[in-house]
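Start at 1 with the first residue, then count along the sequence.
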Amino acid sequence: MNEQIVTAVSPVLDCLDPQALGAFYSELLGWEIVNDSDGWVALRSPVGRRMMSFQKEPRYQPPTWPTSDNQQQMMVHLDIEVRDLDTALAKAVALGAKPTPWQPQRHVRVCTDPAGHVFCLCQVA
């Protein structure tokens with residue numbers, strides 16, 4: 001019998017302003033803010049048990065992408081599935097995202113969120 005002992009609950013992104021970053025992803029994804037406390041914001045997907053959280057890190061430094069010597073390296077990024085790449089990109093930019101100069105794939109748009117975390121908008125086939 002394989003009894004589940006642990007369950008991954010939520011990726012947590014460090015940032016300078018969890019409320020601002022939580023609001024960005026809440027609007028982008030359509031997820032509800034379920035916890036907004038000093039230095040911490042958590043979102044929940046309207047479907048299933050998916051969550052995403054943001055915590056205040058006063059020494060947070062945004063990563064560089066693509067990788068650059070002697071700069072903060074990206075350790076993780078988010079892939080966000082979209083049906084319409086142009087519409088999703090326009091929404092993300094209107095909310096404060098920035099497309100990166102280098103776009104290595106035709107059906108993916110690499111962006112940074114307002115705190116500088118890298119995420120990819122990935123068009124479904």
Residue pair L43 / S26: nearest heavy atoms and the distance that separates them: CD1-N, 3.6 Å
Spatial distance of atom NZ (K91) from atom CG (L29) [nearest 0.5 Å]: 8.0 Å
Only pairs under 3.5 Å count here: list side-chain donor-acceptor contacts from residues 45-55, not counting sequence neighbours, and write none if there are none.
from	atom 1	to	atom 2	distance (Å)
S45	OG	V47	N	3.1
S45	OG	V47	O	2.8
S53	OG	S10	OG	3.2
Q55	NE2	D14	OD1	2.7

Min side-chain heavy-atom separation N35-S37 under 4.5 Å: yes
Members besides W40 in its Ile/Leu/Val/Met/Phe/Trp/Tyr cluster (side-chain heavy atoms under 4.5 Å): V12
Donor-acceptor pair, side chain of Q105 and main chain of H107, under 3.5 angstrom: no
Nearest atoms (heavy-atom pairs only) where Q103 meets V108: OE1-O, 3.6 Å
Side-chain donor/acceptor of K56 to backbone N/O of Q19, under 3.5 Å: no
Minimal non-hydrogen separation, P58 against L16, with atom names: O-CD2, 3.5 Å
L21 and V41, any side-chain heavy atoms less than 4.5 Å apart: no
Sequence neighbours excluded and cut-off under 3.5 Å, please list the side-chain donor-acceptor pairs for residues 118-125, or say none.
none

For the student: nearest non-hydrogen atoms of P62 and G116, plus distance: CB-CA, 3.9 Å
Same apolar cluster (I L V M F W Y, side chains within < 4.5 Å links), V76/L78: no
Pairwise side-chain contact, D113 with L28, heavy-atom cut-off 4.5 Å (strictly under): no
Point-to-point distance, once rounded to the nearest 0.5 Å, from SG of C111 to CD1 of I80: 8.5 Å
Residue pair L89 / P99: nearest heavy atoms and the distance that separates them: CD1-CG, 4.0 Å
Atom CG of D79 with >12 non-hydrogen neighbours under 6.0 angstrom: yes
Identified ring pair (Phe, Tyr, Trp, His ring centres under 6.0 Å) partner of H117 from the options F24, Y25, Y60: Y60
Cluster link W31 to V34, ILVMFWY, side chain under 4.5 Å: no
Least distance between heavy atoms, A115 atom then C15 atom: CB-CB, 4.1 Å
